[in-house]
Amino acid sequence: MARFVRCLRRTLFSNSSPSIAYRSPRIGLPSNQNPKFLISRRCLSSGSYVSEMQKSAFQGNILRLIRNEIEYELDHSPPLQPPDSFGPFTVDERPGEQWISLKRKFGDKEDIKIEATMFDRSVPTSKSTKTEPDYILHITFIVNISKGGASEVLEIMCSAWPDTIEISKLCIRKGINTSASSYGGPEFEELDDQLQDALYQFLEERGISDELAVFLHRYMKNKGKAEYVRWMESVKSYVEQK
């Protein structure tokens, strides 16, 4: 019986034409297709499908977490509409950046521009302990004062602590061509005490005082919330892209 089956098999295979392939209506493949190859293709197709499903689930989980975080921030501590002025200064929020700008004119000639960072460092206070650290936040701001069409600009580097400002350095910039190797003057604290007091008064007359420090800290606290939500929204938009 076994010899008969083998003989019949040889006869069938020898009579089949290698140039004509029958296409099975059930699977849509030639009947002479290697079954191992067929199984391999099915496995690859199944693996790709599983991979796509895992990717979709991963993206869905990220989107869910991001949406929850955005919703939490907006429900519990939503950012406020930032003010567009401070005293005589106009304020440019500069959305998406770590800086804001304040501008004003003083008298007939002076143009004053202030650029302030978001919180850039923190310093432990005297109340700070190992178990309960306490910090105060710091903001750097730069004051540029120009006169009319003059190319020279007085630049004053300052710090804004929660309730006070502090001058750290000042120099004269001669336009955009100022060399990086130019002498920038001594540190502010090295100047004569009376000169230091006069420079603080100079700034105060132009609306740059301790009140500005209070305003900047309140503004940057709100900006930090707004930028965080804006950043989360941009990440969500990217993940949502197909």
Side-chain angles (χ1 to χ4, degrees), residues 73 76-128 133-148 150 152-173 184-230:
E73 289 294 325
H76 291 79
S77 185
L80 305 174
Q81 180 65 32
D84 57 7
S85 64
F86 167 71
F89 289 93
T90 59
V91 181
D92 181 3
E93 180 192 5
R94 294 167 65 170
E97 297 186 29
Q98 299 185 58
W99 294 77
I100 67 169
S101 299
L102 298 88
K103 295 180 181 180
R104 70 162 297 186
K105 293 189 74 70
F106 181 76
D108 297 331
K109 293 184 177 181
E110 288 187 2
D111 290 305
I112 302 175
K113 179 180 180 180
I114 300 173
E115 291 188 304
T117 68
M118 295 173 65
F119 298 119
D120 53 6
R121 63 187 172 97
S122 59
V123 177
T125 68
S126 57
K127 299 178 182 178
S128 185
D134 186 49
Y135 297 92
I136 56 174
L137 297 174
H138 174 272
I139 293 171
T140 298
F141 70 95
I142 303 170
V143 181
N144 286 291
I145 304 175
S146 59
K147 294 186 176 182
E152 294 182 335
V153 176
L154 172 62
E155 182 174 284
I156 306 175
M157 183 81 72
C158 303
S159 293
W161 300 102
D163 56 4
T164 186
I165 66 168
E166 183 179 280
I167 302 173
S168 56
K169 197 174 184 63
L170 73 154
C171 64
I172 299 293
R173 299 284 184 196
E187 295 298 318
F188 182 77
E189 60 188 15
E190 297 175 5
L191 297 176
D192 178 79
D193 289 345
Q194 290 186 336
L195 179 55
Q196 291 184 35
D197 292 341
L199 287 169
Y200 275 112
Q201 185 177 356
F202 172 85
L203 289 181
E204 187 170 358
E205 290 174 351
R206 287 155 178 77
I208 305 168
S209 63
D210 293 342
E211 292 180 3
L212 175 62
V214 175
F215 170 80
L216 288 177
H217 274 255
R218 185 169 61 247
Y219 192 102
M220 293 306 184
K221 183 178 180 180
N222 185 67
K223 181 175 173 66
K225 296 178 184 179
E227 293 299 341
Y228 178 63
V229 172
R230 186 177 289 115

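Since this is a predicted model, take the numbers as computed values, not measurements.
Salt bridge absent: Lys127 and Asp134 never bring a charged side-chain N and a carboxylate O closer than 4.0 Å. Contact check on Lys169 versus Glu187 returns a salt bridge, with a Lys/Arg side-chain nitrogen under 4.0 Å from an Asp/Glu carboxylate oxygen. With respect to the salt-bridge test (charged N to carboxylate O, under 4.0 angstrom), the residues Glu115 and Arg94 qualify.
Taking a 6.0 Å sphere around CD of Gln98, one finds it holds 12 or fewer heavy atoms contributed by other residues, nucleotides or ligands. With a 6.0 Å radius and a threshold of 12 heavy atoms from other residues, nucleotides or ligands, Glu205 has its CD atom above the threshold. For Lys147, the NZ atom counts as loosely surrounded, since its 6.0 Å shell holds 12 or fewer non-hydrogen atoms of other residues, nucleotides or ligands. Environment of CG in Asp108: sparse, with no more than 12 heavy atoms of neighbouring residues, nucleotides or ligands closer than 6.0 Å. Enclosure of atom CD in Glu189 is not indicated, since only 12 or fewer non-hydrogen atoms of other residues, nucleotides or ligands lie within 6.0 angstrom.
The two atoms that bring Met118 and Glu97 nearest to each other are SD-O, 4.0 Å, heavy atoms only. In plain terms, the two heavy atoms of Thr117 and Met220 that are nearest each other are O-CE, 2.9 Å. Leu137 approaches His217 most closely through the heavy-atom pair O-CE1, 3.0 Å. Shortest non-hydrogen contact noted between Phe86 and Gly207 is CE2-O, 4.0 Å. Here the closest heavy-atom approach between residue Pro133 and residue Ser128 is recorded as CA-OG, 3.2 Å. Across every non-hydrogen atom of Glu166 and Tyr200, the tightest pair is CA-OH, 3.4 Å.
Note that CD1 of Ile165 is 10.5 Å distant from CD of Glu211, once rounded to the nearest 0.5 Å. The structure places CD1 of Ile112 at 6.0 Å from CZ of Arg206, a figure rounded to the nearest 0.5 Å. The CD1 atom of Ile136 lies 7.0 Å from the OG1 atom of Thr125; values are rounded to the nearest 0.5 Å. For the atom pair Ile114 CD1 and Trp99 CH2, the distance stands at 12.0 Å (nearest 0.5 Å). Within the model, atoms OH of Tyr228 and OG of Ser77 stand 11.5 Å from one another, a figure rounded to the nearest 0.5 Å. Within the model, atoms CD of Glu155 and SG of Cys171 stand 4.5 Å from one another, a figure rounded to the nearest 0.5 Å.
The main-chain N or O of Gly96 is found under 3.5 Å from a side-chain atom of Glu227 such that the two form a donor-acceptor pair. With hydrogens and angles ignored, the 3.5 Å screen pairs a side-chain donor or acceptor of Gln196 with a backbone N or O of Leu191.
Side-chain contact between Leu203 and Ile167: present, with at least one pair of heavy atoms (C-beta onward) separated by less than 4.5 Å. Between Ser146 and Asn144 there is no side-chain heavy-atom pair separated by less than 4.5 Å. A 4.5 Å side-chain heavy-atom check between Asp163 and Asp210 finds every atom pair outside the cut-off. In this structure the side chain of Asp84 never reaches within 4.5 angstrom of the side chain of Thr90, judged on heavy atoms. Residues Lys103 and Val91 fail the side-chain proximity criterion, which asks for heavy atoms closer than 4.5 Å. Between Phe202 and Leu154, some side-chain heavy-atom pair lies under the 4.5 Å cut-off. Residues Phe141 and Leu102 form no side-chain contact, since every pair of their non-hydrogen atoms from C-beta on lies 4.5 Å or further apart. The side-chain heavy atoms of Phe89 and Leu212, taken from C-beta on, include no pair separated by under 4.5 Å.
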Side chain to side chain contact (heavy atoms under 4.5 Å, CB included) for Ile100 and Asp92? Distances and angles first, verdict last.
CA-CA 6 Å; Ile100 67 169; Asp92 181 3; over 6 Å; no
Could you walk me through whether Glu93 and Lys223 pass the side chain to side chain contact (heavy atoms under 4.5 Å, CB included) test, one step at a time?
CA-CA 8 Å; Glu93 180 192 5; Lys223 181 175 173 66; 4.2 Å; yes
Report the C-alpha separation of Thr140 and Arg121 in whole Å, then their side-chain angles, then the decisive distance to 0.1 Å, and conclude whether the side chain to side chain contact (heavy atoms under 4.5 Å, CB included) test is met.
CA-CA 9 Å; Thr140 298; Arg121 63 187 172 97; 5.7 Å; no
Test side chain to side chain contact (heavy atoms under 4.5 Å, CB included) on Ile145 and Val153 and set out the steps.
CA-CA 6 Å; Ile145 304 175; Val153 176; 5.8 Å; no
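Side-chain rings of Phe119 and Tyr135 stay apart, their centers remaining 6.0 Å or farther from each other.
Arg104 forms no cation-pi arrangement with Phe106, by the criterion of a distance under 6.0 Å to the ring centre and an angle within 45° of the ring axis.
With hydrogens and angles left out, the side-chain atoms of Lys113 and Ser101 include no donor and acceptor closer than 3.5 Å. Checked by atom type, the side-chain pair Ser159/His138 shows a donor-acceptor distance below 3.5 Å.
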